Amino acid sequence: MCGIFGYVGKRQAAPLLIDGLKALEYRGYDSAGLYIVGAGCAKAVGQVKNLETKLGDGFSGNTGLAHTRWATHGVPSEVNSHPHSDCEQKIWLAHNGIIENYNELKEELISKGHKFVSATDTEVVAHLIEENIKSDSSFSEALLKTLKAIRGTYGLVISSVHEPEKIFVARKGSPIVLGIGEGENFVASDPSAIVPHTKRVIYLNDGEWAILTAGSYQLFDLEGTEISREPQTIEWSVEQTQKGGYDHFMMKEIVEGDNVIKNSLRGRLDEVSLEVKLPELDSVANQLKDIKRIIITSCGTALYSGMVGEYMIEELAKVPVEIEYASEFRYRSPIIEPGTMIMSITQSGETADTLAAIREAKRQGALVVSIVNTVGSTIARESDAVMFNQIGPEIGVASTKAFMSQVTLFALFTLYLGKIRGTINEEMYKKVVQEIIALPDKIKSILSRQEEIKLIADKYSRFEDFLFMGRKYTFPIAFEGALKLKEISYVHAEGYGAGEMKHGPIAMIDENFPTVALALSDAVYEKMVSNIEEIKARSGKVLAIATEGNTTLSNLADDVIYVPETIEMLEALLAVVPLQIFAYYIGVGRGYNVDKPRNLAKSVTVE
Ligand code: AGP
């Protein structure tokens, strides 16, 4: 996610702001900028050091703010990087989060004469404060009115010539932490940028805002009532703060699971009307109505999310789908007849095989729609339409939160496609939407069982071979679970369709070759039970993933991890979470760096 840093105190702000951004570089970003009261604003695309080279001696002042941007709206560019200002460049601010109603706010402000320069949602906030100042007696009142008008999420840091000795801060859904120093105060999007200066911090809660000066801080709620809160002392090292206190980014990103779903849904699902909106696809909606076939082509975990999407689309949108490994698709002679649409899924947006596959498809005239996490990436730019994940960069090499978001976006895409093609009845549509809304809490309940899953992982950590098997919506999860385990623990693990057991794999089974069986309470549950019985009859150990309330599997399998019930179409999102945690603890238990496994890169930009 983007990084925010602000300072007000007795020291020169410029070097502190640059150091603050450097402490946040690990979060991933594509541009950076800062503003210092009395000195002005500087921005740069690329690394923070590009911004640093722009700061001559003139950039002096004791109050300022800075930002590293991970684009969610508008491509990476200087004009789109933060901070953003009002028309008169008297108010400057940086923002993390998504302003969902920025279009309507922007239109209203333009009608009142405001001039916008960027393509971002953030800029609206500066102009709205400017508009509200005209009618309100104080900056604080103008800010309060602005915060109440915003829908969506924000972590805001604001500075202005109207109040040059103050920094204003606000939080709703995007982390903001204050650093309380001696005669100086700090604000950041995570404590890793503050810890080098002070360990006394105050975390803002959603719906709170604050005013910082060199020697004071005040907290308020959205009613303008002052809140009293003492600073707490954090003992984390800088590195620990970057991982949110977890030992690895991978676990931090697994635990984000429920918020990943929420961020993926943000601005796309109306919880009142239960309508799915994908404005990013409206430009190709007419073509989507007429497509005859979809080819999903990607690599690794991204492809496995596509395998789940295949089942969703065929079941509810009734469009034929085929799955293609991009590394194969690009070399064989694919037939792409008119009416074919290509879907690519990619976290990095730079995977060479996936890029080559969509280029070949485009050469043959196919429509290309992609699910991408990195705004401005090559695959994003070369697709005809893109659904961005909106989940911030994934840092662990083993993909976890990206997979959760990719499958979630496939569910939304399926509903969108089925609606415009008239293949989904209203009752089913609403049922699926309601179940999507319920997912974050269900994922959170699985995450609360980490210790239980760790104990099971420890029990199985001695094995050198694993089989993962599933059917239908958990068929792709067998492959994803096996990939997670093999890539971070270097253990041999194979994903298989359970129906294939008799065609070979069962020959491998003995007491030293355990099986992870995805046996959720769905249409193929009884078939899975038969497969488990076949394995037990050959002395194979079985770790089953089952649905809460199942009372029979514990008598058959050696171990069972339960996940909450959901509709069959969404069960992959629940079944995968225990497997991510299982793989993590086995990899860590073997002493490996699960964030950076041997021989692997986060983005395979070469063939
Ligand atoms: C998954 O854990 C791996 N890191 C790998 O399979 C990855 O999913 C694949 O390389 C695709 O990467 P992309 O999503 O950036 O295109």
Side-chain angles (χ1 to χ4, degrees), residues 4 6 8 63 65 83-86 90-106 108-109 112 114 121-180 185-191 194 200-232 259 262-263 266-267 270-272 440:
I4 276 180
V8 53
T63 306
L65 54 93
H84 289 290
S85 76
D86 62 330
K90 290 182 176 177
I91 301 165
W92 290 85
L93 54 85
H95 164 239
N96 283 356
I98 294 175
I99 310 293
E100 292 178 10
N101 60 332
Y102 85 95
N103 275 317
E104 59 198 78
L105 292 172
K106 187 169 181 176
E108 185 181 342
L109 288 161
K112 291 177 178 174
H114 289 261
D121 54 336
T122 299
E123 191 183 350
V124 156
V125 181
H127 291 277
L128 198 48
I129 295 172
E130 178 185 31
E131 186 62 29
N132 288 333
I133 279 180
K134 292 174 187 171
S135 54
D136 286 295
S137 55
S138 76
F139 192 90
S140 295
E141 284 165 351
L143 173 60
L144 201 45
K145 197 171 183 181
T146 301
L147 296 178
K148 289 178 176 177
I150 290 173
R151 277 206 320 273
T153 56
Y154 54 76
L156 279 169
V157 58
I158 307 163
S159 189
S160 164
V161 296
H162 298 285
E163 302 271 5
E165 308 291 320
K166 295 176 181 176
I167 283 187
F168 294 79
V169 182
R171 180 217 156 123
K172 182 187 170 209
S174 196
I176 285 285
V177 57
L178 309 182
I180 309 305
N185 285 322
F186 307 81
V187 54
S189 44
D190 87 41
I194 289 177
R200 299 175 68 234
V201 298
I202 293 175
Y203 288 88
L204 280 197
N205 297 317
D206 282 353
E208 293 180 349
W209 58 285
I211 303 173
L212 291 180
T213 66
S216 71
Y217 68 90
Q218 291 174 285
L219 308 181
F220 302 90
D221 65 19
L222 285 182
E223 297 315 311
T225 306
E226 189 157 0
I227 301 165
S228 170
R229 186 177 304 148
E230 289 301 313
Q232 63 188 79
N259 283 321
K262 289 177 185 172
N263 287 330
R266 204 168 299 289
D270 186 320
E271 297 199 6
V272 175

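Predicted model only: the values in this text are computed from it and were never measured. Along the sequence shown, the residues carry numbers beginning at 1.
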Any donor and acceptor pair, going by atom type alone, linking the side chain of H95 with main-chain N or O of I4 inside 3.5 Å?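 Checking the backbone N and O of I4 against the side chain of H95, no donor-acceptor pair under 3.5 Å is found.
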
Interatomic spacing from CD1 in I99 to CG in L128 - rounded to 0.5 Å: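 Between atom CD1 of I99 and atom CG of L128 there are 9.5 Å.
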
Roughly how far, to the nearest 0.5 Å, is CD1 of I211 from CD1 of I158? 10.5 Å

Sub-3.5 Å donor-acceptor pair from the side chain of K148 to the main-chain atoms of L222, do we have one? yes

Y203 versus P175: any side-chain heavy-atom pair under 4.5 Å?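 When only atoms from C-beta onward are counted, P175 and Y203 do not touch, as no gap falls below 4.5 Å.
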
Atom CD1 in I176, atom OG in S189: separation rounded to 0.5 Å? 6.5 Å

Applying side chain to side chain contact (heavy atoms under 4.5 Å, CB included), run through Q232 and V201 and close with a yes or a no. CA-CA 5 Å; Q232 63 188 79; V201 298; 3.8 Å; yes

Does S85 use its side chain to pair, donor to acceptor, with the backbone of W92 at less than 3.5 Å? no

Donor-acceptor check, side chain of D206 to backbone of G173, threshold 3.5 angstrom: yes or no?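 Answer holds: yes.
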
What do the steps show when you test F139 against I129 for side chain to side chain contact (heavy atoms under 4.5 Å, CB included), and what is the final call? CA-CA 8 Å; F139 192 90; I129 295 172; 4.0 Å; yes

If I take atom NZ from residue K172 and atom CG from residue L156, how far apart are they, to the nearest 0.5 angstrom?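 Answer rounded to 0.5 Å: 11.5 Å.
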
Working note: E163 + F168, criterion side chain to side chain contact (heavy atoms under 4.5 Å, CB included); need CA distance, chi angles, decisive distance, verdict. CA-CA 9 Å; E163 302 271 5; F168 294 79; 3.8 Å; yes

Strictly distance-based, threshold 3.5 Å: is any side-chain N or O of N132 a donor or acceptor partner for the main-chain N or O of L143?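 No.
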
Quick one: do E108 and K112 make a salt bridge, cutoff under 4.0 Å? yes

If you take all heavy atoms of I133 and A142, which pair is closest and at what distance? CG1-CB, 3.5 Å

Which heavy atom of G155 sits nearest a heavy atom of S174, and at what distance? N-CB, 3.5 Å

What's the shortest heavy-atom distance between L144 and E223, and which atoms? CD2-C, 4.2 Å

Closest non-hydrogen atom pair, I227 against D221: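 Shortest heavy-atom separation between I227 and D221 comes out as CD1-N, 3.6 Å.
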
Do side-chain atoms of S159 reach the backbone of I167 as a donor and acceptor pair under 3.5 angstrom? no

Can you see which heavy atom on V157 is nearest to which on L65, and at what distance? O-CD2, 3.7 Å

Quick one: NZ on K166 to OG on S160, what's the gap to the nearest 0.5 Å? 10.5 Å

Separation of I202 CD1 from E208 CD (nearest 0.5 Å): 10.0 Å

Criterion side chain to side chain contact (heavy atoms under 4.5 Å, CB included) against I91, the qualifying member of H84, H127, E130: E130

Anything under 30° is parallel, anything over 60° is perpendicular, the rest tilted; go ahead and classify W209 against F220.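 Taking F220 first and then W209, their aromatic rings lie parallel (interplane angle under 30°).
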
Report yes or no: does R200 contribute a side-chain atom to a donor-acceptor pair with the main-chain N or O of P231 at less than 3.5 Å? no

Please confirm whether the backbone N or O of R151 pairs with a side-chain atom of N101, one donor and one acceptor, at under 3.5 Å? yes

Quick one: do L178 and N185 satisfy side chain to side chain contact (heavy atoms under 4.5 Å, CB included)? Show the steps, please. CA-CA 7 Å; L178 309 182; N185 285 322; over 6 Å; no

Which heavy-atom pair separates V8 from A214 by the least distance, and what is that distance?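 In this case the closest contact between V8 and A214 is CG2-N, 3.6 Å.
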
